[in-house]
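Okay, structure first, notes after.
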Amino acid sequence: MTVDPAGGYVQLLTPEGERVEDAAYPVSFTDDDYRDFYRDLVIVRRLDAEGLALQRQGELGLWAGLLGQEAAQVGSGRALRPQDMAFPSYREHGVLYTRGIDPIMPFGLFRGVDQGGWDPREFNFHMYTLVIGAQTLHATGYAMGITLDGNVGTDDGEAVIAYFGDGATSQGEVNEAFVWASVNNAPIVFFCQNNQWAISQPFNSQSRNPVYRRADGFGFPGVRVDGNDVLATYAVTKAALDDARHGQGPTLVEAYTYRMGAHTSSDDPTRYRIASELDSWRARDPISRVKAFLSKQGLADDDFFAEVDEDARKIALGLRERVLAMPGPEPVTMFDNVYPGGSPELDVQRAEFDAYRATFQ
Ligand SMILES: Cc1ncc(C[n+]2csc(CCOP(=O)(O)OP(=O)(O)O)c2C)c(N)n1
Ligand SMILES: [Mg+2]
């Protein structure tokens, strides 16, 4: 794999922080927009670092990090309108943040004190899905429901975005989702963060074609965007969502990016990838190019950057305190919520478990 994909991609901000135009994606941003993008990127990176630190200190069972993917997530997340529905996989903490959701929400899952459930309706943000690719079918069904409800075809139409990885494109469910979305013209954006690896499997072991070109075989458009460019990711995702809400059907967006950290806290990437690969992607860092742009344009000074860092630090420390204070559940509550109305088998198991625990008193 290379840092510059053959065939190119949509880019609006170069790694050196130069703003470039793309006639297919005419967007304009205010000075505040640029600064807000920067702020989100820094805060999301800081929260993610806190997640990994908490895991290393034994406070979380697992952490799935997003280092390097901040722009793909902040750009696409900010392109969502309030009425749109997002279906994440398991590392979309940045998208979650841009939806205005308290970043503590997924920590119960990673700390193992709840089952990772929340009300998707409350935030228009579905639950994290660890079964690779499964959420793409859920999202497609949801998008078909939007059409049946008559909520597409206007400026205020609803759209769906489904997040998944490069490895997930090999999964049957993802391909089935493409078929269903295509033939039903479902209002959905398939957003693939191609971070080049599926744990230790490089992308070239998944497909001979680039991700975005696979859309062609299913009969809908595919577009590749520089996933380390928050402006381009925003513009491309917004256009795809608007097409969906106007009744133009699905789009596959390939956000070409790189997972600079490990797959999860349980993984050691030094076992399968070479250090120089990481170095070449570090030069494409999604945050430093926005910082370079802000500096060169005179849109921000050292005080601004220091203030953003300080805000991020405070938010992360607040998160840490609240994670440490999360109450541990009564062990027997693991039997709750398995079935809506309970089940006789489960009642027997619960009684056995209660009796077993009672032997310790
Ligand atoms: C159905 C299924 N098969 C296998 C796994 C184990 N698994 C967890 S993450 C992963 C790799 C996913 O790679 P990718 O889709 O590229 O997503 P990334 O983590 O790189 O964002 C695998 C195989 C799983 N969770 N679910
Ligand atoms: Mg991947």
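Just so it is clear, the structure is predicted and the values come from calculations on it, not from any experiment. Sequence positions, counted from 1, serve as the residue numbers for this chain. Remember, it's 1-based here, ligands and their atoms both numbered in the order they're listed.
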Non-hydrogen atoms of [X] versus ligand 1: any pair closer than 4.0 Å?
| X | value |
| --- | --- |
| F164 | no |
| R91 | yes |
| R259 | no |

If you measure only the distance, is there a donor-acceptor pair under 3.5 Å linking the side chains of [X] and [Y]?
| X | Y | answer |
| --- | --- | --- |
| S207 | N209 | no |
| D166 | Q206 | no |
| N194 | E254 | yes |

Quiz prompt | R224 to Y256, cation-pi by 6.0 Å centre distance and 45° axis angle | solution = yes
Practice problem: Answer yes or no for R19 and F293: cation-pi contact, defined as NZ/CZ to six-membered ring centre under 6.0 Å and angle to ring axis within 45°. | Solution: no
Quiz item: How open is the angle at the Mg ion (ligand 2) from atom OD1 of N195 over to atom O of W197, rounded to 10 degrees?
Solution: 80°
Specify the protein heavy atom at minimum distance from [atom]: its residue, its atom name, and the distance to 0.1 Å.
| atom | value |
| --- | --- |
| atom 16 (O) of ligand 1 | G167 N, 2.8 Å |
| atom 19 (O) of ligand 1 | Y90 OH, 2.5 Å |
| atom 25 (N) of ligand 1 | L130 O, 2.8 Å |
| atom 23 (C) of ligand 1 | I199 CD1, 4.2 Å |
| atom 20 (O) of ligand 1 | W197 O, 2.8 Å |

Self-check item: Ring centers of Y212, Y9 separated by less than 6.0 Å
Solution: no
Quiz prompt | Any N, O or S atom of A168 closer than 2.8 Å to the Mg ion (ligand 2) | solution = no
Quiz item: Any N/O/S atom of N194 sitting less than 2.8 Å from the Mg ion (ligand 2), backbone or side chain?
Solution: no
Quiz item: Restricting to N, O or S atoms of D166, which is nearest to the Mg ion (ligand 2)?
Solution: OD1
Using 4.0 Å as the upper bound for N to carboxylate O, is an ion pair formed by [Y] and [X]?
| X | Y | result |
| --- | --- | --- |
| D242 | R245 | yes |
| D48 | R91 | no |
| R39 | E307 | yes |

Practice problem: Could you tell me whether N195 approaches ligand 1 through its side chain, its backbone, both or neither, with non-hydrogen atoms closer than 4.0 Å? | Solution: side chain
Exercise. Heavy-atom distances under 4.0 Å are what count here, so tell me which part of H263 touches ligand 1: side chain, backbone, both or neither.
Key: side chain
Self-check item: Under 4.0 Å to a heavy atom of Q171 - the qualifying atoms of ligand 1, by number
Solution: 1 (C)
Quiz item: Any idea which atoms of ligand 1 are less than 4.0 Å away from a heavy-atom of A168?
Solution: 15 (O)
Quiz item: Nearest heavy-atom pair of W63 and L60: which atoms, and what distance?
Solution: CE3-CD1, 3.9 Å
Quiz item: Which is closest to atom 7 (N) of ligand 1 in terms of heavy atoms, T169, T257, I132?
Solution: I132
